[in-house]
Amino acid sequence: MPAHPHEEFRHRVLVTGGAGFIGSHFVKRLLRAPDVAAVTVLDALTYAGHLENLGEALLRPELVFVEGSILDAELVDHLVRQHTAVVHFAAESHVDRSFLHAGHFLTTNVLGTHTLLDAARRFEISKFVHVSTDEVYGPIASGAAVEGDPLRPTVPYAASKAGSDLVALSAFHTYGVPVCVTRSSNNFGPGQHPEKIIPLFVTNLLKGKQLTLHGSGEHVRNWLHVEDNCQGLELVLRHGVPGEVYNLGGGTDLTNNELTALILGACGAAWDRVVYVPDRRANDLRYAMDWTKAADRLGYRPERTLADSLAETVAWYRDNPDRWAPLLRNPSAPMTRISLTAAAGR
């Protein structure tokens, strides 16, 4: 590994899905690196992607935004040929939505990934980071999943991500595309779409509504601050070995009951705001990953504490109702779009 974290890295980076929650945090991180020459964001600006997530980063001369789909092979070719690295966030990512639109999830997540990989192969990209999820491992009754474990997804979303992981790795083995796959646990932090449990619960409490817990509330998830995940992603981009998978965990394991109690406390609310409803049929009881590989080989170390991160997140939603209230009024509608496509010719 180079002695300095930015040594010998001057790529022009294409970030798909860079106007989404995790992608926008990662773009801002790249722009803070003194050696990154240029970043292009390709995003379709569906309901979960908003230019507001990028904020002042849009004023940076190193950043270009292009509105478009990863399924548009001509556009993908045009962009990939201009860059030396790709970080691929773009995906349909909500479990409940995947129950109703499984075909759309498969098309975007699997065929879209293939479209990018095909361009990366033909234009000889130096690194392709495919961003995935711990849900591809399926439920883990005990212990923790390591990178070589079988993939056992149980819901359409996780199945589509597992399929895209395998397509990405096959591009390395068959064509030599320098692919790395990352799998992270549940991310949270400022700016996340309110369909996800932490912002959903926080915004419901701010509106005076009740919280709904499925089943017994004993489902276990690992909670990782988005900036810690982005730290790991940058390490994989810079130093990851092509053909390898890296688990990015290290947050805090909580049952949904425990998480709810923390959110109630952070919002100054009582437990009488919580109601239990019957569990959905597909709701894995526990996810767990071992992230020793990323720690030992890349120096990955999560730094954020849960208490501070949760307080920061609650404060963001309390201070920015103009960002999330329109999404709750019409969750499927995109936010107001800013026309920056003229910059796409760079």
Side-chain angles (χ1 to χ4, degrees), residues 21-22 47-48 93-100 133-135 138-142 154-158 184-226 228-229 249-289 304-332:
F21 169 55
I22 305 175
Y47 77 94
S93 64
H94 191 236
V95 172
D96 288 353
R97 290 177 184 269
S98 76
F99 297 161
L100 301 174
T133 169
D134 61 352
E135 295 188 40
I140 307 292
S142 61
T154 61
V155 296
Y157 160 63
S184 73
S185 51
N186 283 30
N187 279 216
F188 74 101
Q192 191 172 28
H193 193 285
E195 69 186 2
K196 307 295 186 180
I197 186 171
I198 289 180
L200 175 64
F201 279 17
V202 170
T203 55
N204 276 348
L205 289 172
L206 292 175
K207 294 189 302 174
K209 297 178 65 175
Q210 288 186 309
L211 310 185
T212 300
L213 277 175
H214 288 91
S216 65
E218 290 301 305
H219 305 86
V220 177
R221 300 293 184 263
N222 180 268
W223 293 98
L224 180 70
H225 192 277
V226 61
D228 282 329
N229 185 28
T252 303
D253 291 327
L254 296 170
T255 67
N256 285 346
N257 284 325
E258 292 169 332
L259 175 66
T260 301
L262 291 174
I263 294 172
L264 290 169
C267 293
W271 197 263
D272 60 8
R273 299 283 292 277
V274 180
V275 295
Y276 289 85
V277 297
D279 205 357
R280 66 189 186 200
R281 178 173 178 176
N283 197 1
D284 295 335
L285 184 60
R286 177 177 179 268
Y287 297 136
M289 289 189 310
R304 304 295 187 99
T305 67
L306 179 69
D308 290 344
S309 297
L310 191 58
E312 171 202 30
T313 301
V314 170
W316 188 90
Y317 287 95
R318 182 178 288 120
D319 295 341
N320 294 277
D322 57 318
R323 289 283 304 277
W324 53 263
L327 301 179
L328 294 176
R329 179 172 56 89
N330 187 3
S332 63

Participant: Can you find a pair of side-chain heavy atoms, one from N256 and one from F201, that are under 4.5 Å apart?
Facilitator: no
Participant: Please report the shortest heavy-atom distance between H219 and D279, naming the atom on each side.
Facilitator: NE2-OD2, 2.8 Å
Participant: Okay, side chain of Q192, backbone of T313: is any donor-acceptor separation there less than 3.5 Å?
Facilitator: no
Participant: What heavy-atom pair brings T203 and P194 nearest, and what distance separates the two atoms?
Facilitator: OG1-CB, 4.2 Å
Participant: Could you tell me whether the side chain of S185 reaches within less than 4.5 Å of the side chain of D134, counting heavy atoms only?
Facilitator: yes
Participant: What are the two closest heavy atoms between E258 and L254, and how far apart are they?
Facilitator: OE1-CA, 3.4 Å
Participant: Report the residue from L259, L262, T260, N186 that forms a side-chain contact (heavy atoms from CB on, under 4.5 Å) with I198.
Facilitator: L259
Participant: Starting at OG1 of T212, measure out to OH of Y276 and round the result to the nearest 0.5 Å.
Facilitator: 11.0 Å
Participant: Of all heavy-atom pairs between I263 and L310, which one has the smallest distance, and what is that distance?
Facilitator: N-CD2, 4.2 Å
Participant: With a 4.5 Å cut-off on side-chain heavy atoms, are F188 and L306 touching?
Facilitator: yes
Participant: If you take all heavy atoms of L224 and G250, which pair is closest and at what distance?
Facilitator: CD1-C, 4.3 Å
Participant: Quick one, E218 with N257, criterion side-chain hydrogen bond (donor to acceptor under 3.5 Å, both in side chains). Give me CA distance, side-chain angles, the key distance, then yes/no.
Facilitator: CA-CA 6 Å; E218 290 301 305; N257 284 325; 2.6 Å; yes
Participant: So, taking the atom named CZ in R286 and the one named OG1 in T255, what distance separates them when rounded to the nearest 0.5 Å?
Facilitator: 12.5 Å
Participant: How long is the gap from CD on E312 to NE2 on H225, to the nearest 0.5 Å?
Facilitator: 4.0 Å
Participant: Report the distance from atom CZ of R304 to atom CG of N229, rounding to the nearest 0.5 Å.
Facilitator: 12.0 Å
Participant: Answer yes or no: is there a donor N or O on one side and an acceptor on the other, between the side chain of D253 and the main chain of V220, under 3.5 Å?
Facilitator: no
Participant: Could you grab the distance from atom OH of Y317 to atom NZ of K207, nearest 0.5 Å is fine?
Facilitator: 13.0 Å
Participant: Does some side-chain heavy atom of L264 sit less than 4.5 Å from a side-chain heavy atom of L211?
Facilitator: yes
Participant: Do R221 and D284 have side chains that get closer than 4.5 Å, going by heavy atoms?
Facilitator: yes
Participant: Search all heavy atoms of G189 against all heavy atoms of V226 and return the closest pair with its distance.
Facilitator: CA-CG1, 4.4 Å
Participant: For the residue pair W316 and W324, establish whether any side-chain heavy-atom pair is separated by less than 4.5 Å.
Facilitator: yes
Participant: Side-chain contact test, heavy atoms from C-beta onward, threshold under 4.5 Å: evaluate it for E135 versus Y287 and give yes or no.
Facilitator: yes
Participant: Between M289 and N222, does the side chain to side chain contact (heavy atoms under 4.5 Å, CB included) criterion hold? Intermediate values first, please.
Facilitator: CA-CA 9 Å; M289 289 189 310; N222 180 268; over 6 Å; no
